[in-house]
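See structure below.
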Amino acid sequence: MSKYNYNHSVVEKKWQKIWERKGIYNTDMKARGKQTFYNLFMFPYPSAEGLHAGHAFSSTGSDIFGRFMRMNEKEVFQPIGYDSFGIHSENYAIKVNETPQKMLLRTLKTYTNQLKSMGHGYDWTHSLTTSDPDYYKWTQWLFVKLFKAGLAYRKEAEVNWCPSCKTVLADEQVMTPAQAGKDPIRADGKPVGSDEDVMVCERCGTVVERKILKQWFLKITHYAERLLKNLDNINWSERVVKTQKEWIGKKEGIIITYPVDGKNASIDCFTTRPDTNFGATFIVVSPEYARKNLVNLIPPKNIQKVTKYVNNALNKTEQQRKKEGRVKTGVFTGLYAINRLNNYKMPIWVSDFVLGGFGTGAVVGVPGHDKRDFEFAKEFNIPVKRVVVGSNGDTSEITTLDKVEEGEGIAINSEFLNGMNTHKATEKILDYLEKQGWGKRKTTYHLRDWLISRQRYWGPPIPMIYCEKCARQGKSWFTKNSLPENSRNSDDWQSAGWYPEENLPVLLPKLKYYLPQGTGKGPLADHPEFYKTRCPVCGSVAKRETDVSDTFLDSSWYFLAYPNVGTKEYGQDLRAQIKQTNKESAKPFNDEILSNWLPVDLYFGGAEHAVLHLMYARFISMALFDLGIISFEEPFPRFFAHGLLIKDGAKMSKSRGNVVNPDDYIQKYGADTLRLYTMFLGPMDGYPDFRDTGIEGMRKFLERLWLLFNTKYSLKTSKKESIKVNQTIKKVTKDIKKFRYNTAIASIMELVNFLKEQKRISQDSLIVLCKLLAPFTPHLAEEVWVEVLGKDFSIHKSTWPKINTKIIKNQPVNIAIQVNGKVRKVLRFAHHEALDQDVVAKKAIADPKINQWLKGKKVVKTIFVPQKIINFVLK
RNA sequence: GCCGAGGUGGCGGAAUGGUAGACGCUCAGGACUUAAAAUCCUGUGUUCGAUAAUCGGACGUGUGGGUUCGAGUCCCACCCUCGGCACCA
């Protein structure tokens, strides 16, 4: 090839072929003697014909780090695969009117070609596809394991239903339209008002409905405390940690029991601020609570008004309640409750601002220290008491909303709590109330159990068998005494008649018509040849579960599978296994490989999975840890949340018509150009906008690079050149470690500009430059390494350049002149002038400006200020 | 309302308390060319002044204060933007 033309398509194809043939990115899983590095990138789900430029942006970010670690002498494992099961793929198949199987045959080929054409260093020998029976038999095995451990159960519950996807959704898959990035639509075609607060399906943007159905749940709440606690010990992007913490939503408080005056009854209220309880002046219960627990107690003269209010409130939809805003309404029940702390008689009210579904559904009103309580008290002329003095020191009466002190402070008017700070007072009162038997500590979480049933076709069938005969006799897989710890206290235990299927996989049959029914049952329910079976215990006719599991169950363990792909453990036949006595110990993992490679060293992915995949994967890992199957709780000690590549100010999406296809750019400019360009646009955790003009410039830079490498070089390196080169190494290394690829590239460009201005460029400088470029532009670097610099095969087996610290030590310095003990003047000198402190000091004094300034002043000291201040006395 | 993150040229974005605007895009001028494209060179925060030319001054990081020899960076108050949570007791 001509040395003056950089032909990207020839070079890139050539090296991609060589890499594949020689398998240089294939990892020796039993590697010894080298430190291992598991570099994981969130696998894509094939819900379109191919990847868009956003994937190129994020996957390149992950690949660069992997290549960097490789050059830092780590044995790097960088796998890739496909999250091919699930609603997203199925919906796309429906759209193109094909079966998911057939659609995937085509799209996976495209995805693979695209990923390869970007030049990522993936180990394709450890690839996996979640819809492959070899994979999903283990997903089913996982479900069975969880079931046996009491972590999977079935219960009837009010659940989210997407009328468009015709399936239920987990709480995490329901969000506001803004979060989903979709305009809300209603299944019946009615328009959604812009002021309406609606929740939509994460996938399709349809407004969700509520339905009561019997479904399978995973008991993630059992791990709420550990999921929360461990967050403090893992190195994750801050915003993701915060989101998870909020989603778990831990609240510590106490349930206080207040006797109802003159009745043989009491009301339980949950509060997180028992330290303010001396300031309680009323009780409010939700309409739900009133209807359920209070109606019989209410005096006749109040009953009509209360009933009317309750009925009215309960007939309103959630949306109506929200629309009415914060105006407080309510009705007095005629009843009083006693606050046993001070024997205060608190009127009991009913109001719809109290939620039936949170806490106990009843609240104790402390109007001085809760804004909502204050609004309510003002509305109905209920007394307000101050029991906390906040940081502003105000002790006056609380008469307006802005005087309500919700923060921490010092307790007053609270008898034995007086003078204590909020923290101490809380501890004291908690102990006191428990000791008196008036209350009980209670911790609540926002996190709910994970609903995994899906009434769809494209997923792993939930491997459970239902035997009606056994159910009638109250039999189940668990004997009465063998109910696991986790489930023993649960009211939700309704699994009589259910047995786990161990003859795995329960194959998903090929169906020609697989569309969701919308009846609350999945398409498999129409296929007796699938669901008809025999009870594994009594042998009578039994039925299989016809729902499939959530796609997030597939992806909750895939990172554990990658390193084990190809092992005999992962490949073993579970159908043969069950005949063996050790069937309980069957698992897809090789212990040596697990300990060599896991947990994942760096997980690179999108922040949108904060409460979805990332939470589920942590939960599953903890469960597997408790079952003794793996030896760590946290699968991802380090997670980096990348940003998103946007186009014309918006997220790329088909409906907006702003999808950038990376193929066009790879063909026109080359993968290296696209890699370098997307990385240069901005910080990796930002939201850079893709523009065509910029990429032209980047392509020109690569051409100039190519020319630079092809110019004559000398063997000697000048001192100035050496300083520059070493500064660049230092900067680029630091930036890559912090995922600041854009500034790393800028430094490389600066070095190139510098080298171009030199009359002679040394070979050493070019070698360093080539190495610095290698993670970003792997093909170009490889070509230069071998063809131009004549080095051994593959730059990626070479080592990252070392910094010569001696050379870059001399940085610019400041000379500060001290008069009468205070620094009064500072001069700045370039590094090469400031090698000797005395020389510099003399020079400072000699400076005409300083000289003039110094006139008539007594110089005591000059101070040498490079990075830190070093004092020395001027003689 | 509460909790985060942030506000720097025409644009994307750089700056361990130490020459603000690296690097790139855009734009302008020049060279080459019959011409255009490509390429290369020069300039490009605002403003004032000056020279034959090299040049010099002032102001500039949302606003107003403060600390410091020195502040985009640290502290206080305010304004604005973007995320997350939201009648969760």
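Throughout, a chain's letter reflects where its sequence line sits, starting with A, and its residues are numbered from 1.
Applying the side-chain hydrogen bond (donor to acceptor under 3.5 Å, both in side chains) rule to Tyr669(A) yields the partners Glu696(A); only residues at least two apart in sequence or on another chain are considered. With sequence neighbours excluded, no residue forms a side-chain hydrogen bond (donor to acceptor under 3.5 Å, both in side chains) with Glu246(A). Applying the salt bridge (charged side-chain N to carboxylate O under 4.0 Å, His left out) rule to Arg441(A) yields the partners Glu427(A), Asp431(A), Glu434(A); only residues at least two apart in sequence or on another chain are considered. Scanning for side chain to side chain contact (heavy atoms under 4.5 Å, CB included) contacts around Ala746(A) gives Phe680(A), with sequence neighbours left out. Here His613(A) pairs with Tyr603(A) under the side-chain hydrogen bond (donor to acceptor under 3.5 Å, both in side chains) rule; sequence neighbours left out. Legend: residues meeting side-chain hydrogen bond (donor to acceptor under 3.5 Å, both in side chains) with Asn293(A), ordered by chain and number and at least two apart, are absent. Judged as a salt bridge (charged side-chain N to carboxylate O under 4.0 Å, His left out), and not counting sequence neighbours, the contacts of Arg699(A) are Glu703(A). With sequence neighbours excluded, the residues satisfying salt bridge (charged side-chain N to carboxylate O under 4.0 Å, His left out) with Asp370(A) are Arg372(A). With sequence neighbours excluded, no residue forms a salt bridge (charged side-chain N to carboxylate O under 4.0 Å, His left out) with Glu379(A).
The separation between Tyr741(A) atom OH and A14(B) atom P is 15 Å, rounded to whole Å. Look at CD on Glu375(A): it is 13 Å from P on G1(B), rounded to the nearest Å. With rounding to whole Å, Asn277(A) atom CG is found 12 Å from A89(B) atom C1'. Gln244(A) has its CD atom 13 Å from the P atom of C85(B), to the nearest Å. Note: CD (Gln727(A)) to C1' (A15(B)) measures 14 Å, nearest angstrom. If you measure from atom CZ of Phe270(A) to atom C1' of C87(B), you get 16 Å, rounded to the nearest angstrom. Rounded to whole Å, the distance from OH on Tyr677(A) to C1' on G12(B) is 8 Å. Here A38(B) presents its C1' atom at 13 Å from CZ of Arg699(A), a figure rounded to the nearest Å.
Using atom C1' as the reference point in both U44(B) and A36(B), the two lie 25 Å apart (nearest Å). If you take atom P in G66(B) and the same atom in G70(B), they sit 12 Å apart, rounded to whole Å. On the P atoms, G9(B) is 10 Å away from U63(B), given to the nearest whole Å. Between C3(B) and A71(B), the two C1' atoms lie 28 Å apart (nearest whole Å). The P atoms of G57(B) and G1(B) are separated by 49 Å, rounded to the nearest whole Å. Comparing the same atom, C1', in U61(B) and in G21(B) gives a spacing of 9 Å after rounding to whole Å. Separating the C1' atom of G6(B) from that of U73(B) is a span of 14 Å, rounded to the nearest Å. Rounded to the nearest Å, the gap between the P atom of G65(B) and that of G29(B) is 42 Å.
A salt bridge between Asp685(A) and Lys738(A) is absent, with no side-chain N of the basic residue lying under 4.0 Å from a carboxylate O of the acidic one.
OP1 or OP2 of A14(B) has at least one side-chain nitrogen or oxygen of Arg740(A) nearer than 4.0 Å. Dashed line: the shortest gap from a side-chain N or O of Lys371(A) to OP1 or OP2 of G1(B) is not under 4.0 Å.
Base orientation at G9(B) is syn, since its O4'-C1' glycosidic dihedral falls within 90° of 0.
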What's touching nucleotides 28-33 of chain B from the protein side, N or O pairs under 3.5 Å?
none

Distances under 3.5 Å only, N/O to N/O: pair up the protein atoms with those of nucleotides 20-24 of chain B.
residue : atom : partner   : partner atom : Å
A22(B)  : O2'  : Glu750(A) : OE1          : 3.2
G24(B)  : OP1  : Asn753(A) : ND2          : 3.2

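Tyr665(A) and Phe690(A) have perpendicular rings, their planes meeting at more than 60° on a 0 to 90° scale where under 30° would count as parallel. The aromatic rings of Trp349(A) and Phe380(A) are tilted relative to each other, their planes meeting at an angle between 30° and 60°.
Within 4.0 Å (heavy atoms only), Thr272(A) reaches sugar-phosphate atoms of the nucleic acid but no base atom. If you check every strand for non-hydrogen atoms under 4.0 Å, Lys242(A) touches a base.
Side-chain atoms of Val363(A) lie closest to A89(B) of the nucleotides A38(B), A89(B), A14(B). Here the side chain of Leu681(A) is nearest to one of A14(B), A89(B), G12(B), namely G12(B).
Counting only Watson-Crick or G-U wobble pairs whose defining distances are both under 3.5 Å, the stems of 3 or more consecutive pairs in RNA chain B are B:1-7 with B:79-85, B:10-12 with B:23-25, B:27-31 with B:39-43, B:45-49 with B:55-59, B:62-66 with B:74-78.
Nearer to the 5' terminus of RNA chain B, by closest-nucleotide assignment, is the contact made by Tyr687(A) (compared with the other of Tyr687(A) and Glu246(A)). Along RNA chain B, the nucleotide closest to Pro688(A) and the one closest to Lys734(A) are compared, and the more 5′ of them pairs with Pro688(A).
In terms of modelled atom types and a separation under 3.5 Å, the side chain of His369(A) and the main chain of Val388(A) share a donor-acceptor contact.
Within a 6.0 Å sphere centred on NZ of Lys250(A), heavy atoms belonging to other residues, nucleotides or ligands number more than 12.
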